Amino acid sequence: MYDFSILFQFCFFFTVEHGFPHQPSALAFDPKLQLMAIGTKSGAIKVYGAPGVEFTGLHKDTTAVTQINFLPGQVSELYAIVPPTKKKEKKKQNKTKKHTNVITPPPFLLLPSATRVTVLLLLKSCDLLCIGTEGGGVYFLQLPCLSLKDNQTLPDDYRCGKSLGPVESLQEHPQQSGKILIGYSRGLVVLWDLSTRYADQLFLGKQQLESLVWERTGNLFVSSHNDGGYSVWPVTSSNTYNHQPVTSTIPYGPFPCKAISKILYRTTQTGGGMPRASYGDRHCLTIQQDKEHITLDFTSRVIDFFTIQKFDDPSALVVLLEEELVVIDLQSPGWPSLPTPYLAPLHSSAITCSCHISSVPPKLWERLVNAGKAQHGLHWPISGGKNLALPSKQQELLLTGHEDGTVRFWDASGVALTPLYKLSTANVFHTDCDPSDDPQDPSDDPDMQQEEEWPPFRKVGCFDPYSDDPRLGIQKISLCKYSNKLVVAGTAGQVIVLGLSDERSDHLVDVSVVDLLQDREGFTWKGHDRLEPRLKPAPFAPGFQPLVLVQCLPPASVTAVALHAEWNLIAFGTSHGFGLFDYHRRNTVLARCTLHPNDSLAMEGPLSRVKSLKKSLRQSFRRIRKSRVSGKKRTINTPTSKVQEANAALAEQEEVAPVQRRIEPRSADDSLSGVVRCLCFADTFLRDGTHHGPTLWAGTNSGSVYAYALEVPCVGSGRVSDRGGASESSVCVEAVLGKEIQLMHRAPVVSICVLDGRGKPLPDPYEASQDLAIAPDMTNAHSVLIASEEQLKVFSLPKVSAKTKFKLTAHEGCRVRKVALVVFSSAAQEDYSEHTLVCLTNLGDMHLFNIPGLRPQVRYDCIRKEDISGIASCVFTKNGQGFYLISPSEYERFSLSAKVVTEPLFSVQLDRLLEPTPAG
């Protein structure tokens, strides 16, 4: 028996999290090490440097991280404030060698105050941490022992008869160590000397304080306030009490404005609050330098921001938002935004489907990179650490479909999930947001040019949770990496065939309509209207450009697609049936309706599994009666001999094993039974055992499997010559129903795969013809593997007789949700590999079976059974890895393979020495 540990190894604790952290709450940056840290409300701390340099730490408890501070230049430690359940506490976080680790802090300090911590300040000497609290107290902790040094508060003489409010800001003097600014919520600012424990100067502001920032020389500082203004204060030794600032400005006044929650002073860079009445719902950040003034308008709340600079010349502005990270290039004219090589918001529009492509050909990869080069920045300002991971031997693509009709291509070859290219399908259709229907551009009107917009807004970021038309949503994706053909299908029954082009094009897309109901009576569509295609040529950028648009009627959501580029065929299925289309000759080959007479819910638009109470009760009672009747009919004759007695006992054990659960068959009149769940093309034996040819397989929600024999011109022996030598263009593809299989329990069919004579999956189109894969065995009998929600079953071809099966629901009490055929390579023998069937169940566990014998190999717990969206979003790769959504904005990457594992490995430069920091 082969050692499974050499093939399989579930690496859950060494995974990589791709995407943007869910619910970020804190931000920090180390200018010496060039590392950035992000804390989340779930207690995670993620550290990022150069692409590929990533680290994640998790608290044991789900507690929000409110503030983070780096110890400058010390990669091994950082500090964070997390609000505890009862008492406020200060915790120290230590990195370990695991990529994702549970943080176990050393002894921590319980602050004597019962109020929460509001602000942290780590002095440049790194030996003292200043903590401001909600009660107005300031505490000083010695590092690294975390012992309380002093409890320093202002004398009662300075309180002016009322509370100062919480401490809002602590800032160290840039030139004189040991002096700090303490800003209180009520407006008082104190310049405090730590050595003398005395207030050198008091600044009495009239507005509620939000933040403070020093000017580089230390001769003045800037305060921002809740009225949307900021003030510049001089710092002199001659005047102890200062009541008036040098200047006080409300950039967008005089009307009431939103508070300036944070301000940075870099030469002449400042920020301002928006007028509350007109722009109270906007999230903005203002950049000013001399006469240049830009107001960055974001689609989500600003959490924090910092600048990256040398001396006092900022090169980039990094803004952490609630839903994305935005970086502004401050060195280039116009201050453009930089695309991020990681931390990209996967959920800029909600993810609706995904697809993984392994071993992408170099030519296709290069063309995709060139098509999306406009989205790539020239440099990334956060450059800490060095990625030591070896370059991937092959390029991998992750394709995600989105609610707004876009398909995004991601480089999934390594630790960093980098955006490569974005495809939009909206310009194929005429929608309410058609640019041609928009009012005239103000830049084209000379009269409008005289009136400049104030404030000078600029939309920044790509997070846009609102879809212009929900019918544009992408539901299925299929890509042929050898022919550069892409098929995307959407919510309104649209199926688009696209080809890759390196040039911009203006053309009209061919449209074909396929009626899946075939004029059947008694069915009336009550859902949304179909999308109207454009009647005029539309511009398409370099990249994938639409060739053919197929629209299904009724316009229900597409539930399955299949592409065979070598035969120029696409298959698509909805809740009403499936169709076969020849996109080369632009003709419909097949339209098959799978509706049951009681499929009323399939005509109501969006899919719904809600049934009426009466119908559910009626079906339950019917099943109970059936089980009772079948139990009464099961009688066993008394054997006349001990041999017959033993044989009868053995047969009874095989028929109903004690460990198996009884599975009741599903009713034939269940609603939504006609939903097409999977489609598959295969070159196999269907008509007889001597002649093989193209076939199409379709599986439905009611356990039905349809197998069609296809007549494809120039495929197979003598097919064109049999038609009298007709030319290829005049000969059409034909489909003839060859087999129809009905599974006994009518469980939904999840996957169909044809196996060759050796029991291996058939290669993808073009792989065998171009010698890119081992040719399939066409001499021995083929078989077909059908996976339903309840069991796995292998049938022989062409007779379609059952060979072997595994009853997953009966044995394990779970249902199949996802199925994939994966190649596992041995970690010990370079030339040894096995094809394995991987099943993800509704309980979130993975079951691995060998093929074609369907013997269980190993089982792993992967996803929580309560995480329904994570299970539904899971996608497998062909080499044993996988992705699933752990939040709307993050993919978790895992590996089932002992050989193929993607993990971060990096080093950080300290005193010109590289110290390896393996994360796995």
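Because the structure is a prediction, the values reported are computed rather than measured.
Using a 4.5 Å heavy-atom threshold, the side chains of L141 and L148 count as touching. Contact check for V302 versus S261: no side-chain heavy atoms found under the 4.5 Å cut-off. Side-chain contact between W233 and L212 is absent, with no heavy-atom pair separated by less than 4.5 Å. Side chains of L143 and C126 form no contact here, defined as non-hydrogen atoms less than 4.5 Å apart. A 4.5 Å side-chain heavy-atom check between I287 and L330 finds at least one atom pair inside the cut-off. Side chains of I328 and I294 form no contact here, defined as non-hydrogen atoms less than 4.5 Å apart. When side chains are defined from C-beta on, T299 does not count as touching D464, because their heavy atoms never get closer than 4.5 Å. A 4.5 Å side-chain heavy-atom check between L123 and I180 finds at least one atom pair inside the cut-off.
Formation of a donor-acceptor pair under 3.5 Å by the N69 side chain with backbone atoms of L71 is not found in this model. Formation of a donor-acceptor pair under 3.5 Å by the S224 side chain with backbone atoms of I260 is found in this model. The main-chain N or O of E168 is never found under 3.5 Å from a side-chain atom of E210 such that the two would form a donor-acceptor pair. Under the 3.5 Å distance criterion, the side-chain polar atoms of S889 are matched with a main-chain donor or acceptor of F20. Not a single donor-acceptor pair under 3.5 Å links the side chain of E323 to the backbone N or O of P345. No donor-acceptor pair under 3.5 Å is formed between the side chain of S185 and the backbone N or O of P166. A donor-acceptor contact shorter than 3.5 Å is absent between the side chain of W380 and the backbone of A50. At distances below 3.5 Å, at least one donor-acceptor pair connects side-chain atoms of Y342 with backbone N or O atoms of G49. In this structure, E172 contributes its side chain and S177 its backbone to no donor-acceptor pair below 3.5 Å. No donor-acceptor pair closer than 3.5 Å links the side chain of E324 to the backbone N or O of G461.
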Q: Begin from the C-alpha positions of R893 and E903 and carry the test side-chain contact (heavy atoms from CB on, under 4.5 Å) through to its verdict.
A: CA-CA 9 Å; R893 186 169 189 157; E903 58 182 348; over 6 Å; no
Q: Please assess E215 against V222 for the test side-chain contact (heavy atoms from CB on, under 4.5 Å), listing each intermediate value before the final yes or no.
A: CA-CA 7 Å; E215 187 265 339; V222 182; over 6 Å; no
**Q.** D297 vs K459, side-chain contact (heavy atoms from CB on, under 4.5 Å): CA-CA, chis, key distance, verdict
**A.** CA-CA 5 Å; D297 187 9; K459 280 286 185 182; 3.6 Å; yes
Q: Go through the steps to decide whether Y891 and T400 satisfy the test side-chain contact (heavy atoms from CB on, under 4.5 Å), and finish with yes or no.
A: CA-CA 11 Å; Y891 269 114; T400 55; 3.9 Å; yes
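Relative orientation of the F221 and F203 rings is perpendicular, given thresholds of 30° and 60° on the angle between their planes.
Residue pairs satisfying the salt bridge (charged side-chain N to carboxylate O under 4.0 Å, His left out) criterion with at least one member in residues 39-52, sequence neighbours excluded, are listed as follows: E17-K46, K46-E890. The stretch residues 22-47 participates, sequence neighbours left out, in these ring pair (Phe, Tyr, Trp, His ring centres under 6.0 Å) pairs: F29-F306.
When each of K179, Q176, Q171 is paired with L191, the side chain to side chain contact (heavy atoms under 4.5 Å, CB included) condition holds for K179 and for no other.
Here the closest non-hydrogen pair linking E322 and P24 is O-CD, 3.3 Å. P21 and Y48 get closest at one heavy-atom pair: CG-OH, 3.7 Å. The two residues V65 and A26 come nearest to each other via the heavy atoms O-CB, 3.8 Å. Of all heavy-atom pairs between N387 and V53, the closest is N-CG2, 3.9 Å. For I250 against G228, the heavy-atom pair with the smallest separation is CG2-O, 3.8 Å. Taking all atoms of both residues into account, the shortest heavy-atom contact from D329 to S315 is OD1-O, 3.5 Å.
Considering CD1 of I38 and CD1 of I303, their distance stands at 10.0 Å, rounded to 0.5 Å. Here the CG-CZ distance, from L417 to R408, works out to 12.0 Å after rounding to the nearest 0.5 Å. In this structure, CG on L120 lies 9.0 Å from CG on L122, to the nearest 0.5 angstrom. Taking NE2 from H18 and CG from L885, the interatomic distance works out to 11.5 Å, rounded to the nearest 0.5 Å. With rounding to the nearest 0.5 angstrom, the OG1 atom of T133 is 5.0 Å from the OH atom of Y139. Considering OG of S231 and CD of Q207, their distance stands at 8.5 Å, rounded to 0.5 Å.
Using modelled atom types and a 3.5 Å distance limit, the side chains of S147 and Q142 yield a donor-acceptor pair. Counted by atom type alone, T66 and R116 present zero donor-acceptor pairs between their side chains at under 3.5 Å. Remark: the S169 side chain and the S211 side chain contain no N/O donor-acceptor pair separated by less than 3.5 Å.
Taking the ring centroids of Y252 and H293, they lie under the 6.0 Å cut-off.
D304 is linked by a salt bridge (Lys or Arg N to Asp or Glu O under 4.0 Å) to K262, counting only residues two or more places apart in sequence or in another chain.
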